[in-house]
2 protein chains.
Amino acid sequence: MSERTTGGLTEKGRATRQRIVEATALRILDAGVDGTSLDDVRAATLTSKSQLFHYFPGGKAELVRAVAQWEGEQLLAAQEPHLSDLSTWESWEAWRQGLEAYYLGLGRWACPIGSLTAQMAATDAETAAFLRTAWTTWRTRLAAGVRRMQATGSIDPAADPDRLATSVLAAIQGGLLLSQPERASWPLEAALDTAWATLHTPATAGTPTRS
Amino acid sequence: MSERTTGGLTEKGRATRQRIVEATALRILDAGVDGTSLDDVRAATLTSKSQLFHYFPGGKAELVRAVAQWEGEQLLAAQEPHLSDLSTWESWEAWRQGLEAYYLGLGRWACPIGSLTAQMAATDAETAAFLRTAWTTWRTRLAAGVRRMQATGSIDPAADPDRLATSVLAAIQGGLLLSQPERASWPLEAALDTAWATLHTPATAGTPTRS
DNA sequence: CTATGATTGGACCATGCAGTCCAATGAGCA
DNA sequence: TGCTCATTGGACTGCATGGTCCAATCATAG
């Protein structure tokens, strides 16, 4: 882990590095990792080959990892302040709307982290490991919200917060995937509506007993 | 000349073509489309470059499209006979188990169609269009099952079968995605358990009025 | 001013890739 | 036996790509 936040990087340098990361993130989002060449990045950022390798000695792999990290931070930031609240249904609603607005703003019906996971999980173990922690963070934050709702009796206290949070994330990611070929958001809406219904469901039949 | 079925392909020819498709499908499943070179395919099938272009004049794009079609057929076939039934909870359970077994058999926690959608939706419009119909078919079959359950009163008749089916598909795909970095199936299980709970939920609060 | 290190430019290289081409072989048919 | 067409082999081309390298410039501390 290169902890060179202070070591050997000037203000200008960090700005350039950041410019590279953001441009690469954009390009990756709608062309994929393999569809994004270093020359593309170079052209988009008005930089030179040597700069790319100066700021990312590990080459493309390291650049992609930097993109993954930045996208993770962006995604979490975009969900604030609601994600840190989630203590009322209004807060949940606001969180959902904010998240959808974020995805909408990206232009494509795709989650940066989800897409990267699909692309890298099988090929780049290191990046996959980082993405794993990103998912854990997100899930943990959501689970905390579930617990808050359980405390007020709004969600069945018998439910497992982590598993419930996971199913919400799955609804989001699956909904986004299904939205892509449709070029419309209704699959995402349908998936989230159903997840919502489950959240709102009081302690009824419970989980249908399946290990 | 005899043995003509369609488009000037003999028995031997069709066998070779199929061998190419299947080997390519396998390779794509765990290396991705961009991670699969025609040379890989050539080596894996003991064929020559000219054969690849003989059977797929459109080159790699056409080959990938053939893979998509074949994977779609395989996926639907793997869900039979349950997918065509889905008239009882036992049938749904059997369907789920069969599907999970299919994915498990693929080695990776990934859906061939889902992965292809994520990879091609943004880049290859033609393949994306085909995938769209694949999803529609799958969703329609599931929705038919939902309607059967509604007919017997096992599922809330007020629910929209198509949207419910979509949310189940989303749970599957999202669950698979989340399972990848974990290298474990519990996210898929959690997502499906939650979807199951929703299906079992009788007409309660209904959809929480959104959109 | 000058030394040092960060920053930048861009030519260059090796490789891998999709796709082309020509020729050889095999099989059914008259 | 020849004719025709599907099938196969594999060399070859052109290009894009990741990565290397050397040198030029900029900034700043002493």
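In what follows, every chain begins at residue 1, and chains take the letters A, B, ... in the order their sequences are listed.
- Geometric assessment of A:R183 against the ring of A:W109 yields a negative cation-pi assignment under the 6.0 Å and 45° thresholds.
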Note to self: Does the protein touch nucleotides 8-19 of chain C at the base, only the backbone, or not at all? Give it as B, S and - per nucleotide, heavy atoms under 4.0 Å.
What the structure shows: BBBB-----SBB

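- Atom-to-atom, CZ of A:F56 to C1' of C:dT7 comes out at 14 Å; the value is rounded to the nearest Å.
- Side-chain contact of A:S37 with A:D39: a donor-acceptor pair under 3.5 Å is absent, judged by distance alone.
- Under a cutoff of 6.0 Å and an axis angle of 45°, B:R163 and A:W186 do not form a cation-pi pair.
- Rounded to a whole Å, the CZ atom of B:R17 is 15 Å from the C1' atom of D:dA6.
- Atom CD of B:E11 and atom C1' of D:dT7 are 14 Å apart (whole Å).
- Checking B:L29, B:I28, B:D124 one by one against B:L116, the side chain to side chain contact (heavy atoms under 4.5 Å, CB included) holds for a single residue, B:I28.
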Next item on the list: Go through B:L164 and B:D160 one step at a time and tell me if the side-chain contact (heavy atoms from CB on, under 4.5 Å) criterion holds.
Entry: CA-CA 6 Å; B:L164 210 47; B:D160 181 324; over 6 Å; no

